[in-house]
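Because only heavy atoms are used, hydrogens play no part in the values below, and waters and symmetry mates are left out as well, while side chains stay in.
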Amino acid sequence: MHEWALAEGVVAAVSRIAEEQGLKRVTEVIVRIGELQQVDREILIFAIDQLRPPIMRDAKIIIEEAPAKLRCRVCGHSWRFDPKGLEEEVSEAIHFVPEVAHAYLRCPSCGSPDFEVVEGRGIWLASVKGLRGDD
Amino acid sequence: MHEWALAEGVVAAVSRIAEEQGLKRVTEVIVRIGELQQVDREILIFAIDQLRPPIMRDAKIIIEEAPAKLRCRVCGHSWRFDPKGLEEEVSEAIHFVPEVAHAYLRCPSCGSPDFEVVEGRGIWLASVKGLRGDD
Amino acid sequence: MTDPRLEIIDRRLSTIDHIIAVCSGKGGVGKSVVASTLSLLLARRGLEVGLLDLDFTCPATHLILGVGDATPEEERGIVPPSFHGVEYMSLIYYTGERPTPLRGGDITNAIIEILSVTRWGRLSHLVVDMPPGLGDATLDLMRLIPRMEFLIVTTPSRIAFQTVRRLIELLREADRVILGVLENMVLESSGRIRGEVEAMGLKYLGFIPFDPKLEEALGDAEALLQTDFATSLNAAVSSLLPD
Amino acid sequence: MTDPRLEIIDRRLSTIDHIIAVCSGKGGVGKSVVASTLSLLLARRGLEVGLLDLDFTCPATHLILGVGDATPEEERGIVPPSFHGVEYMSLIYYTGERPTPLRGGDITNAIIEILSVTRWGRLSHLVVDMPPGLGDATLDLMRLIPRMEFLIVTTPSRIAFQTVRRLIELLREADRVILGVLENMVLESSGRIRGEVEAMGLKYLGFIPFDPKLEEALGDAEALLQTDFATSLNAAVSSLLPD
Ligand SMILES: Nc1ncnc2c1ncn2[C@@H]1O[C@H](COP(=O)(O)OP(=O)(O)O)[C@@H](O)[C@H]1O
Ligand SMILES: Nc1ncnc2c1ncn2[C@@H]1O[C@H](COP(=O)(O)OP(=O)(O)O)[C@@H](O)[C@H]1O
Ligand SMILES: [Mg+2]
Ligand SMILES: [Mg+2]
Ligand SMILES: [Mg+2]
Ligand SMILES: [Mg+2]
Ligand code: NI
Ligand code: NI
Ligand SMILES: [Zn+2]
Ligand SMILES: [Zn+2]
């Protein structure tokens, strides 16, 4: 479950941001996960919970899922990609390194592997809310 | 004056767009030129004038200049770059292929050549307005 | 926002009959010496020929041809100067030998800029020297110039050929014209690469022996044409050329 | 939006004493055989060592080492399997031999992903096999791992060395640690490259003769260690290694 590694990144980022912004405690964290990488939401939340430092103790963790939107650079076709139909091996590979999608996926309109992931790639920290010392 | 080549591109793009949108005549064209490439505004306008096809006969050509904004990928520093102080040879080189800026310019904060041109690179067609057959 | 440069690339290339990318995926197999020498051989046959170096961060063709001081003229675009009868275009005119690190997006932009402003003459062949890797340059040429013909260079090494295999698969999937595969730097000819190439239904163009004298000839076009390398290349690619 | 992956790269690499990028700028000079063989040599000395293949679109180290079927374990990250005593990480686990064209931005993302989720053990050395070119991979490593040490590979060819010169300039400008320059595939030793390297104030690590038997040993780690290539490499880099 490399979701633990991702959770570690989230917690580290939140801690840094809290410190930079002088937050006494963090009240809400919004994490966006991309559909393409199929991050396991439950495990991610569980892992963040386990790793929470004191400053995040009461923080509400909100996980938003961004749909995987791909766009072909050759023909301009845009599509939403649903990884659910993939073979397990392929889905696993993309789970670890989403860029390997270029080895497996093709533009449904022209067949090119030259597409970009417009949205829904990996994991992002969208916002961190909290209370300052003086609040 | 390779501004002629760029003008040719502009005219070709306007013509294509006019046709795609079923315009009977084009009334206004907005071209954005990037400060980094130092496209000669007068020559560009003159060249577009000379190359205008009938459909663009009365079109007003508006040239907007976008400031060159660079951002360092290493330290995050953003700055506006003014090419006026460059040696002529360097300025000429960047005029032809703006990417060669990476051979000459460095981040003023950390010295890295790993910066991105956020804005103000080359030449863009920002908008084409016109009248449809039925207007 | 529309990029006006993309509108004129086809027109700029419309004076050219054949556009040949010398490519491999693998580095150091001899793409640049093949591309450079091929242009010279074509020019010697009296053809109008151009050479475009797209290995922006590690250009080599200017060193191989020994191009002089001339720089492009600016005349309703950029007119590449001619060296040894070859219209020659490279980023080197604008960077000299300075390190020029470029990320993928920069490479794409520079390729588009060059293709849209360079005014080639009437050419029978434009030879394009490709960088290694299956990255921005390869994908951009496939996207921007669908009629590009690919001349693939490999060495006998399994490492090189494995990469070549990947390139071939990529090109085939996209229905691109593959002129054939050239085997370079052969120490002892074994027939293995020929077998593999032909099994894939592709043309094996021939092999070029390892030529220990090639290095000294680099930088001097006349000397280059006198090498065994050039003789073998000429024989190997003759099937591709008009008599 | 903040990329949480960037926060943990340093921590992931904190178990590693030395991170060495085997690089050149130029392709085909032997970076991959040097990187692979160097890892084996280090492991044979009893050191804990890792090898990371960053030439994503043309990977070669798996062919050189003959890595088997094992794949990384998923355990609070990705734990690379060990081959011949070397913790080995490559995109090959996830792509197989499929062509995997990647643009610069994809390369950046894949590098960040791998660096942030791979859980290396306690290592004295992590060897990184670099792609050719002065592009995304080189710039990203310079940006993400400032303590990276660079081992530069060249051949005697002027073409190769010209590119190496550009790389050196880039690294020096950024005050990076250059371990030295290794001259590979030497046919007759001439001292020219040594002279050029020392004139730049850099360490010339030594030369490795062209070894016609190297090719047959590829894919078999034991055989690789028996080659003259490995013997010369061992001598050349011994100054860099603990006794
Ligand atoms: N047939 C050959 N015999 C000897 N040396 C060769 C031969 N072909 C290429 N070389 C040398 O190999 C090196 C790599 O060639 P180059 O054209 O730069 O490869 P690439 O463009 O594929 O990276 C150069 O030093 C070149 O002189
Ligand atoms: N010293 C040497 N003697 C003989 N062949 C060599 C030597 N070094 C490298 N090679 C061969 O040269 C080719 C390129 O090596 P490789 O490690 O793939 O280079 P790079 O990683 O720089 O592209 C391979 O076929 C390799 O086996
Ligand atoms: Mg999973
Ligand atoms: Mg000018
Ligand atoms: Mg080359
Ligand atoms: Mg390699
Ligand atoms: Ni996982
Ligand atoms: Ni101009
Ligand atoms: Zn498409
Ligand atoms: Zn900076």
Counting distance only, does the side-chain N/O of D/S24 pair as donor-acceptor with the main-chain N or O of D/V153 below 3.5 Å?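 Judged by distance alone, yes, a pair lies under 3.5 Å.
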
Trace of the side chain to side chain donor-acceptor pair (under 3.5 Å) decision for C/T71 with C/Y94: CA-CA 9 Å; C/T71 49; C/Y94 306 117; over 6 Å; no

Engaged part of [X] at the chain D interface, taking heavy atoms whose separation is under 4.5 Å:
| X | answer |
| --- | --- |
| C/T163 | side chain |
| C/D140 | both |
| C/L187 | side chain |
| C/S32 | neither |
| C/Q162 | side chain |
| C/L139 | both |
| C/I64 | side chain |
| C/R158 | both |
| C/P132 | side chain |

Residues C/R5, C/E113: salt bridge by 4.0 Å N-O rule: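 Yes, this pair counts.
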
Minimum heavy-atom distance between [X] and [Y], given as atom pair plus value:
| X | Y | result |
| --- | --- | --- |
| C/I145 | C/R176 | O-NH1, 4.4 Å |
| C/S36 | C/L51 | CA-CD2, 4.1 Å |
| C/N184 | C/G30 | ND2-CA, 3.6 Å |

Please name the residue in the list D/V22, D/T138, D/L52 that meets the side-chain contact (heavy atoms from CB on, under 4.5 Å) test with D/M130.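 Single side-chain contact (heavy atoms from CB on, under 4.5 Å) partner of D/M130 among D/V22, D/T138, D/L52: D/T138.
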
Of all of D/P131, D/A60, D/P99, which one pairs up most often with chain C through heavy atoms under 4.5 Å apart?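 Maximum pair count with chain C is reached by D/P99.
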
Hey, which of [options] has the most heavy atom pairs under 4.5 Å with chain D?
| options | value |
| --- | --- |
| C/E97, C/E169, C/K26 | C/E97 |
| C/P156, C/A137, C/P101 | C/P101 |
| C/L214, C/L218, C/L63 | C/L218 |

How long is the gap from CZ on D/R143 to CD1 on D/I112, to the nearest 0.5 Å?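 The CZ atom of D/R143 sits 5.0 Å away from the CD1 atom of D/I112.
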
Does any part of the side chain of D/D228, heavy atoms only, come nearer than 4.5 Å to the side chain of D/I208, both counted from C-beta?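 Side-chain contact under 4.5 Å: no.
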
